[in-house]
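Everything quoted here is computed from the prediction, not taken from an experiment.
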Amino acid sequence: MDDKDIFNRVNGIKVNTLKKANSLSLKNQFKLINNIQKANRPRPTRNQIPSFNDFDVRDYINIDLSEINSEREEKEQRDSDYKESVLSSLQGIEKNTALLTEMTSLLQTSNDKQAETFELMVEILEIMKSKDQDEANTKFMDVMGKINTFTDNASTVQSLISMASTVYNALPF
């Protein structure tokens, strides 16, 4: 096929003579020339068409997966830290609630020594007002001495010791 045949068959337009092609508008002449040039280009063979085998997509996937995995691990760590914090707070609330329940129970059951029990509980709570470790130690030792000289049943003494230790151990210093 020579240039004339190609020129005559481009884009479904049958052109019998070059004269007729020259009578086309300038725009259509450019289209015709462009189509002729496209028709003259060699078409790629199956071996020349790029495929995914020509480059390794796995490198890009591995990079993205490692970023995703690290983000997921960071999120899991934040969630775990948050859950631990909530659990710790709930345990503290539980201890405080148990302390209040125990105090109420002691005041209700020790009718004959209720005033002394109440005074000891107030002194136990005074430990929380300590400004430093030394003051807390002094108050704690004073309260423990008074509890040991308290002459009531053993369960009341044990409960008071438990309350004093709980309050003392809850201090931030």
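If you take CD1 on Ile147 and OG1 on Thr156, they are separated by 11.0 Å, rounding to the nearest 0.5 Å. Taken to the nearest 0.5 Å, the CE atom of Met144 stands 8.5 Å off from the CD1 atom of Ile127. Rounding to the nearest 0.5 Å places CE of Met103 at 12.5 Å from CD of Gln108.
In this structure the side chain of Ser130 reaches within 4.5 angstrom of the side chain of Phe173, judged on heavy atoms. Counting heavy atoms from C-beta on, the side chains of Lys139 and Val167 never come closer than 4.5 Å. Residues Val143 and Leu160 form no side-chain contact, since every pair of their non-hydrogen atoms from C-beta on lies 4.5 Å or further apart. At least one side-chain heavy atom of Phe150 sits under 4.5 Å from a side-chain heavy atom of Thr117. For the pair Met121 and Leu107, the minimum side-chain heavy-atom distance is below 4.5 Å.
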Quiz prompt | side-chain contact (heavy atoms from CB on, under 4.5 Å) between Thr166 and Ile124, worked out | solution = CA-CA 10 Å; Thr166 301; Ile124 288 170; over 6 Å; no
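Under the 4.5 Å side-chain heavy-atom criterion for ILVMFWY residues, no single connected hydrophobic cluster contains both Ile93 and Leu125. Note on Leu90 and Leu100: separate hydrophobic clusters, where clusters join Ile, Leu, Val, Met, Phe, Trp and Tyr whose side-chain heavy atoms are under 4.5 Å apart, directly or indirectly.
The backbone N or O of Asp134 sits less than 3.5 Å from a side-chain atom of Thr138, completing a donor-acceptor pair. Ser165 places no side-chain N or O within 3.5 Å of a backbone atom of Ser162 that could act as its donor or acceptor partner.
Sorted by first then second residue, the salt bridge (Lys or Arg N to Asp or Glu O under 4.0 Å) pairs that include residues 78-88, not counting sequence neighbours, are Lys75-Asp79.
For Met128, the CE atom sits in a packed shell: over 12 heavy atoms of surrounding residues, nucleotides or ligands are nearer than 6.0 Å. Around CD of Glu76, the count of heavy atoms belonging to other residues, nucleotides or ligands within 6.0 Å exceeds 12.
Side chains of Asn69 and Glu73: no donor on one and acceptor on the other come within 3.5 Å.
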